[in-house]
Amino acid sequence: MVGGGRGAFIGAVHRIAAAIDQQVELVCGAFSSDPERSRASGGDFFLPPDRCYGTFEEMIAKEKALPADKRMDFVAIVTPNHMHFPPAKAALEAGFHVLSDKPATLNLAEAKKLAGIVKKTGQLYGLTHNYTGYPLVKQAREMVADGKLGKIRKIVVEYPQGWLATRLEASGQKQAAWRTDPKRSGAAGCIGDIGTHAENLAEYISGLQIEELAADLTSFVKGRALDDDGNVLLRFKGGAKGVLHASQISVGEENNLNIRIYGEKGGLEWHQNEPNTLLVKWLDAPMQVYRTANGYLGKAALAAGRTPPAHPEGYLEAFANIYKNFANHIRARIEGRKLAKDDLCLDYPKIEDGVRGMAFIEAVVKSSKANARWTKLAV
Ligand SMILES: NC(=O)c1ccc[n+]([C@@H]2O[C@H](COP(=O)([O-])OP(=O)(O)OC[C@H]3O[C@@H](n4cnc5c(N)ncnc54)[C@H](O)[C@@H]3O)[C@@H](O)[C@H]2O)c1
């Protein structure tokens with residue numbers, strides 16, 4: 001693992017998600033930008049001292065020098081955005097697979113470079129757009145792909161939060177400080193941090209790609225360099241239209257990610273704060289309520305659950321589904337097994353999603369600077 005040391009947020013989520021199915025074990029790490037803190041953090045996880053490294057460069061070099069059956073299999077990257085590309089590049093080029101947190105890189109140019117490195121090295125690259133891991137998100141995707149809703153016309157996706165409604169970064173709060181700093185966060189704040197989750201979720205469920213967009217970004221909090229609120233109109237390839245809004249100043253909102261998709265025959269509605277329910281709406285019949293772990297669900301949705309109906313599963317389990325599929329893909333590689341195109345383990349976000357996410361950020365920023373002019377999402 002790179003990042004995720006003492007005081008960090010998402011690293012701990014990755015460690016839990018990795019362990020849920022007992023397919024992945026944390027064996028080493030460079031957990032902090034501070035070498036001493038990194039070693040101390042590794043001690044917290046009961047790792048042997050010789051595998052708690054001071055830097056990711058040291059970790060990659062020393063792990064590479066270990067015998068093949070002793071060294072790490074892949075690197076999980078859980079650092080702030082500016083520190084995604086350097087360890088990803090180094091790990092891939094040293095022959096290790098990479099599972100990175102989002103957004104893929106600091107900017108689109110880096111993401112394109114990374115896509116080239118993934119292709120050249122042939123290593124696996126996964127991106128933890130974890131919301132695609134929910135069972136009923138997979139159900140929604142399958143129902144759209146099977147044509148149950150008819151041709152998709154409209155997508156409304158929202159990701160409001162309220163935790164940056166004040167100038168929290170001025171207090172030195174770690175997560176707020178880097179997210180509002182262009183050098184570490186990238187060209188966008190809120191749109192990069194959570195808008196990309198909304199963009200990825202809309203494309204994942206609908207199977208449609210955003211072609212162009214018109215965006216209006218705002219930094220409501222005085223003195224903040226990056227957007228803390230964004231409203232975006234979307235045009236998808238094939239004619240569907242959409243609305244995306246992401247916000248970190250929507251006071252009182254927690255992680256209220258939700259999506260509604262409407263086709264010619266039916267509609268879908270899913271909320272991440274009620275993730276085990278999917279509402280399915282029909283033109284000429286009453287609304288249906290789909291629930292996780294029931295036999296009427298599709299293959300992907302059933303495989304993504306672990307407990308019987310009504311035993312709540314949520315964020316950590318959805319996150320674990322990314323880890324499970326990624327680990328199964330690595331296992332197939334190690335065992336030299338050929339995978340069918342529709343093998344469930346191939347269902348995790350990849351570098352192509354990462355490049356699209358970065359192109360989305362750049363297009364949103366460009367459009368907003370031009371007073372919400374329609375702008376192509378160019379990868
Ligand atoms: N998928 C999700 O739902 C989700 C949620 C939160 C954050 N994230 C993403 O995860 C990443 C981290 O976010 P966070 O909130 O955990 O940040 P954080 O500030 O809490 O943690 C970042 C960690 O990276 C470490 N770090 C920084 N530079 C390093 C280096 N050179 N080598 C080793 N470690 C280094 C820091 O010391 C810290 O431990 C971000 O890219 C963010 O966008 C994703």
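Excluded from the calculations below are hydrogen atoms, water molecules and symmetry mates; all remaining heavy atoms, backbone and side chain alike, are included. Not measured: the values here are computed from a predicted model. For ligands, and for the atoms within them, numbers begin at 1 and follow the listed sequence.
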Shortest protein contact, [atom] (heavy atom only):
| atom | result |
| --- | --- |
| atom 3 (O) of ligand 1 | Asn130 OD1, 3.1 Å |
| atom 23 (C) of ligand 1 | Gly4 N, 3.7 Å |
| atom 19 (O) of ligand 1 | Trp178 NE1, 3.0 Å |
| atom 32 (N) of ligand 1 | Ser32 O, 3.7 Å |
| atom 20 (O) of ligand 1 | Gln175 NE2, 2.5 Å |
| atom 36 (C) of ligand 1 | Lys174 NZ, 4.0 Å |
| atom 25 (C) of ligand 1 | Gly3 CA, 3.8 Å |
| atom 26 (N) of ligand 1 | Thr79 CG2, 3.6 Å |

Donor + acceptor pair across side chains of [X], [Y] (<3.5 Å):
| X | Y | value |
| --- | --- | --- |
| Arg306 | Asn321 | yes |
| Asp101 | His14 | yes |
| His271 | Glu269 | yes |

**OP:** Could you tell me which atoms of ligand 1, counted from 1 in the order shown, lie closer than 4.0 angstrom to a heavy atom of Thr128?
**Re:** 1 (N)

**OP:** May I ask you to check if Lys324 and Phe326 form a cation-pi contact, with NZ or CZ under 6.0 angstrom from the six-membered ring centre and within 45° of the axis?
**Re:** no

Original post:
Between Arg141 and Tyr204, is NZ or CZ placed under 6.0 angstrom from the six-membered ring centre and within 45° of the ring axis?
Top reply: yes

Looking only at N/O atoms, are [X] and ligand 1 under 3.5 Å apart anywhere?
| X | answer |
| --- | --- |
| Phe9 | yes |
| Ile10 | yes |
| Arg6 | no |

For ligand 1, the portion of [X] having any non-hydrogen atom under 4.0 Å away:
| X | answer |
| --- | --- |
| Val78 | backbone |
| His84 | side chain |
| Arg179 | side chain |

Subject >> Whether His197 lies under 4.0 Å from ligand 1, heavy atom >> reply: yes

**OP:** Determine whether any heavy atom of Arg37 lies closer than 4.0 Å to an atom of ligand 1.
**Re:** no

Original post:
Checking side-chain contact (heavy atoms from CB on, under 4.5 Å) against Leu99, which of Ile330, Thr128, Leu127 comes through?
Top reply: Thr128

Original post:
If you measure from atom 22 (C) of ligand 1 to every heavy atom of Ala176, Gly7, Pro80, Pro87, which option wins on shortest distance?
Top reply: Pro80

Original post:
To which of Met59, Met83, His14 does the heavy atom nearest atom 31 (N) of ligand 1 belong?
Top reply: Met83

**OP:** Check whether more than 12 heavy atoms from other residues, nucleotides or ligands sit under 6.0 Å from atom CG of Asn371, and answer yes or no.
**Re:** no

**OP:** Verify the neighbour count for atom CD of Glu58: are there more than 12 heavy atoms of other residues, nucleotides or ligands below 6.0 Å?
**Re:** yes

Subject >> Check: Ser367 side chain, Ala215 main-chain N or O, donor-acceptor pair, under 3.5 Å >> reply: yes

Original post:
If we only count heavy atoms from C-beta on, is the Leu279 to Trp270 side-chain gap below 4.5 Å?
Top reply: no

Subject >> Any Phe74 side-chain heavy atom under 4.5 Å of Phe96 side chain >> reply: no

